[in-house]
Amino acid sequence: MAGSQQTVRYAVAAVASLAAAWPAFEFALVSTLRVADPEAALEWRPGDGPALAKLVNRRIEKDRIYKANAEDTRTALRSLIATPLNRSSLRIIGLNAELSGDRARARSAMQLSDRVSRRDSLAQVWLLERAAERDDFEGFLAHYHAALSVTPELGEVLRPILVSAVKYPQVREAAQPYLRNNAPWAPAFMAKAAIDAEPGDAFEMTLPVARWLSGKQYQPAIAQLAYRLAADGRSGDALKLAEATWGDFDAKAFASSAPNKITTDERLGRLAWSLANGGGISVRTNDEGLMNVSIDPLARGSLASRDFPVQGGRDYTLTQRVKFSGRAERVRIAWRADCVAAADKPAKRIWDQPIPPRSEATTYRSTISVPTGCNLVTLTLSGTGPESQPPANLSLEQIEFAPSSR
């Protein structure tokens with residue numbers, strides 16, 4: 001009898017343990033099914049909000065659109081009984097209300113989802129669209145920030161929309177706090193705005209917060225925007241932007257045409273001198289503007305290049321003092337000037353000049369006539385090395401590009 005009583009106690013304890021463990025088992029099962037099979041998860045636990053959200057998200061991903069579904073609304077309402085503060089269920093209720101024409105209910109559900117948590121990216125996209133409809137630019141940026149902070153991939157879709165809105169002063173002002181605080185989406189946004197926004201609009205947005213954009217992640221965007229400003233005839237604003245961005249940038253010194261440490265500042269992209277270093281060609285400069293060039297046998301290519309802001313319709317003078325050494329008779333160098341055209345048109349050659357090899361230092365002055373409407377001219381020095389050993393060397397002791405005297 002005692003043995004049978006002990007067996008019963010063990011059986012009761014086992015049943016009690018199973019009963020106590022069942023909620024944990026069910027939770028683990030449903031949690032697994034939410035990812036692998038959300039429909040099965042809903043069968044196990046009708047009204048499971050996360051499973052419903054996963055199922056709806058899969059449908060949207062498959063169909064590329066969400067279609068009204070009354071059963072989704074009923075399931076979402078059921079889930080709110082168990083979990084009242086369920087952002088995903090509130091969003092699903094809002095989507096169905098929107099599709100059924102009940103805009104007021106949709107807005108209430110989406111706003112409540114937003115108050116519960118800003119981590120539902122679909123709700124944030126819905127809210128930013130409504131903010132744009134009523135010209136609520138601060139609200140638009142706030143929901144844009146929330147959506148991309150949770151789902152950065154949305155930037156591919158939403159970024160062009162925000163960039164196109166940079167033309168509005170209110171959007172430029174609303175974006176500045178996020179640029180100042182280095183929002184995670186800010187570098188990609190600036191990169192896109194520097195290319196696609198009107199340069200004047202992007203400049204007005206960027207200048208007040210430029211000093212917060214001095215990091216390397218913004219460098220290509222600042223260089224691109226500065227270049228577009230110069231191409232638009234606003235070289236002064238281009239240098240003003242650079243000076244506002246980098247505290248160590250000297251706009252006055254950068255305006256010099258001689259190649260040196262300042263005018264080769266790579267942060268300014270093509271507005272700075274670009275010097276060859278590879279492929280058998282080596283170019284070095286010093287603080288006095290001296291350019292030393294070494295060209296290996298059979299090597300050829302660009303030695304140095306820079307885009308200069310100019311005034312269309314004026315003549316400019318390129319002054320240079322060149323000295324060859326080594327196998328001077330075997331090396332060839334030549335200058336060319338191209339007018340930078342619009343992005344969809346090729347550059348136009350407006351001048352070229354070969355420099356004959358001479359052992360003594362020789363000064364050359366060349367006049368370059370800039371056509372009307374041209375705001376940027378690319379000056380390029382190219383070279384070809386000797387046919388046999390050793391390499392050729394030359395130096396340019398003076399390079400000055402300036403408007404001709406009238």
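Just so you know, residue 1 is the first one in the sequence shown, and it goes up from there. Computed from a predicted model, the values in this text were never measured in an experiment.
The CD1 atom of I222 lies 4.0 Å from the OG1 atom of T245; values are rounded to the nearest 0.5 Å. Residue Y178 holds its OH atom at 11.5 Å from CG of L148, rounded to the nearest 0.5 Å. With rounding to the nearest 0.5 Å, the separation of CG in N260 from CH2 in W273 is 11.0 Å. Atoms CG and CD1, from L396 and I399 in turn, are 4.5 Å apart once rounded to the nearest 0.5 Å. Note: D287 CG to I262 CD1 = 7.5 Å, rounded to the nearest 0.5 Å. To the nearest 0.5 Å, the span separating CD1 on I368 from CZ on R336 amounts to 12.5 Å.
Between P187 and P184 the shortest heavy-atom distance is CD-O, 3.7 Å. Minimum heavy-atom separation, K192 to P160: CE-CG, 4.3 Å. Of all non-hydrogen atoms in A230 and L271, the two that sit nearest each other are CB-CD2, 4.0 Å. Shown here for A238 and A226, the closest heavy-atom pair between the two residues is CB-O, 3.2 Å. Residue M291 comes nearest to A304 through the heavy atom pair CE-CB, 3.9 Å, listed as atom of the first residue, atom of the second, then distance. Annotation for A242 and L268: closest pair CB-CD2, 4.0 Å, computed over non-hydrogen atoms.
Counting only heavy atoms from C-beta outward, the side chains of S382 and I333 never approach each other to under 4.5 Å. Two residues are said to be in side-chain contact when any heavy atoms from C-beta on lie closer than 4.5 Å; T264 and L275 meet this criterion. For the pair N292 and V283, the minimum side-chain heavy-atom distance is 4.5 Å or more. When side chains are defined from C-beta on, E266 counts as touching Q219, because their heavy atoms get closer than 4.5 Å. Side-chain contact between I295 and P391 is absent, with no heavy atoms from C-beta onward closer than 4.5 Å. A 4.5 Å side-chain heavy-atom check between V171 and L162 finds at least one atom pair inside the cut-off. By the 4.5 Å heavy-atom criterion applied to side chains, F137 and P169 are not counted as neighbours. Counting only heavy atoms from C-beta outward, the side chains of V340 and V377 never approach each other to under 4.5 Å.
Applying the ring pair (Phe, Tyr, Trp, His ring centres under 6.0 Å) test to every pair with at least one member in residues 189-213, sequence neighbours left out, gives these pairs: W185-F189. Residues in residues 366-377 take part in these side-chain hydrogen bond (donor to acceptor under 3.5 Å, both in side chains) pairs, two or more places apart or across chains: D315-S369, Q353-S366. Legend: disulfide (SG to SG under 2.5 Å) pairs involving residues 353-390, not counting sequence neighbours, sorted by first then second residue: C339-C374.
The number of heavy atoms from other shown groups lying within 6.0 Å of OH (Y168) does not exceed 12. Sparse packing is recorded around CD of E138, with 12 or fewer heavy atoms of other residues, nucleotides or ligands lying under 6.0 Å away. Counting heavy atoms of neighbouring residues, nucleotides and ligands inside a 6.0 Å radius, atom CD of E173 does not exceed 12 of them.
A186 is linked by a side chain to side chain contact (heavy atoms under 4.5 Å, CB included) to L179, A183, Y218, counting only residues two or more places apart in sequence or in another chain. In this view, D248 and R267 satisfy the salt bridge (charged side-chain N to carboxylate O under 4.0 Å, His left out) rule, not counting sequence neighbours. For D232, the side chain to side chain contact (heavy atoms under 4.5 Å, CB included) test picks out P199, R234, with sequence neighbours left out. Looking at residues two or more places apart in sequence or on another chain, you find a side chain to side chain contact (heavy atoms under 4.5 Å, CB included) between T363 and T319, R321, R365. By the salt bridge (charged side-chain N to carboxylate O under 4.0 Å, His left out) test, K240 pairs with no residue at all, sequence neighbours left out. Contacts of R349 classified as salt bridge (charged side-chain N to carboxylate O under 4.0 Å, His left out), with partners at least two apart in sequence or in another chain: D338. With sequence neighbours excluded, the residues satisfying salt bridge (charged side-chain N to carboxylate O under 4.0 Å, His left out) with E156 are R159. For R211, the side chain to side chain contact (heavy atoms under 4.5 Å, CB included) test picks out no residue, with sequence neighbours left out. For Y316, the ring-ring contact (aromatic ring centres under 6.0 Å, His included) test picks out F401, with sequence neighbours left out.
The backbone N or O of E204 sits nowhere less than 3.5 Å from a side-chain atom of D201 that would complete a donor-acceptor pair. Formation of a donor-acceptor pair under 3.5 Å by the T362 side chain with backbone atoms of V322 is not found in this model. Not a single donor-acceptor pair under 3.5 Å links the side chain of R306 to the backbone N or O of T378. Between the side chain of W335 and the main chain of L318, no donor-acceptor pair closer than 3.5 Å is present. Judged by distance alone, the side chain of T263 and the main-chain N or O of A258 form a donor-acceptor pair under 3.5 Å. In this structure, the side chain of S164 engages the main chain of I161 through a donor-acceptor pair within 3.5 Å. Listed for the Q176 side chain is a donor-acceptor partner under 3.5 Å among the backbone atoms of M205. D136 contributes a side-chain N or O that, together with a main-chain N or O of G139, makes up a donor-acceptor pair within less than 3.5 Å.
Here R270 pairs with D307 in a salt bridge; the nearest charged N to carboxylate O distance falls below 4.0 Å.
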Report the C-alpha distance between K323 and L394 in whole Å, list the side-chain angles of each, state the deciding distance to 0.1 Å, and finish with yes or no for side chain to side chain contact (heavy atoms under 4.5 Å, CB included). CA-CA 6 Å; K323 182 179 181 179; L394 61 131; over 6 Å; no
Please assess I355 against F324 for the test side chain to side chain contact (heavy atoms under 4.5 Å, CB included), listing each intermediate value before the final yes or no. CA-CA 10 Å; I355 302 298; F324 292 82; 4.3 Å; yes
Could you walk me through whether T317 and S404 pass the side chain to side chain donor-acceptor pair (under 3.5 Å) test, one step at a time? CA-CA 5 Å; T317 300; S404 302; 2.7 Å; yes
Side chain to side chain contact (heavy atoms under 4.5 Å, CB included) between L213 and T206, intermediate numbers included: CA-CA 9 Å; L213 308 180; T206 306; 3.6 Å; yes
For N393 and V293: C-alpha separation, side-chain torsions, deciding distance, then whether side chain to side chain contact (heavy atoms under 4.5 Å, CB included) applies. CA-CA 6 Å; N393 297 285; V293 179; over 6 Å; no
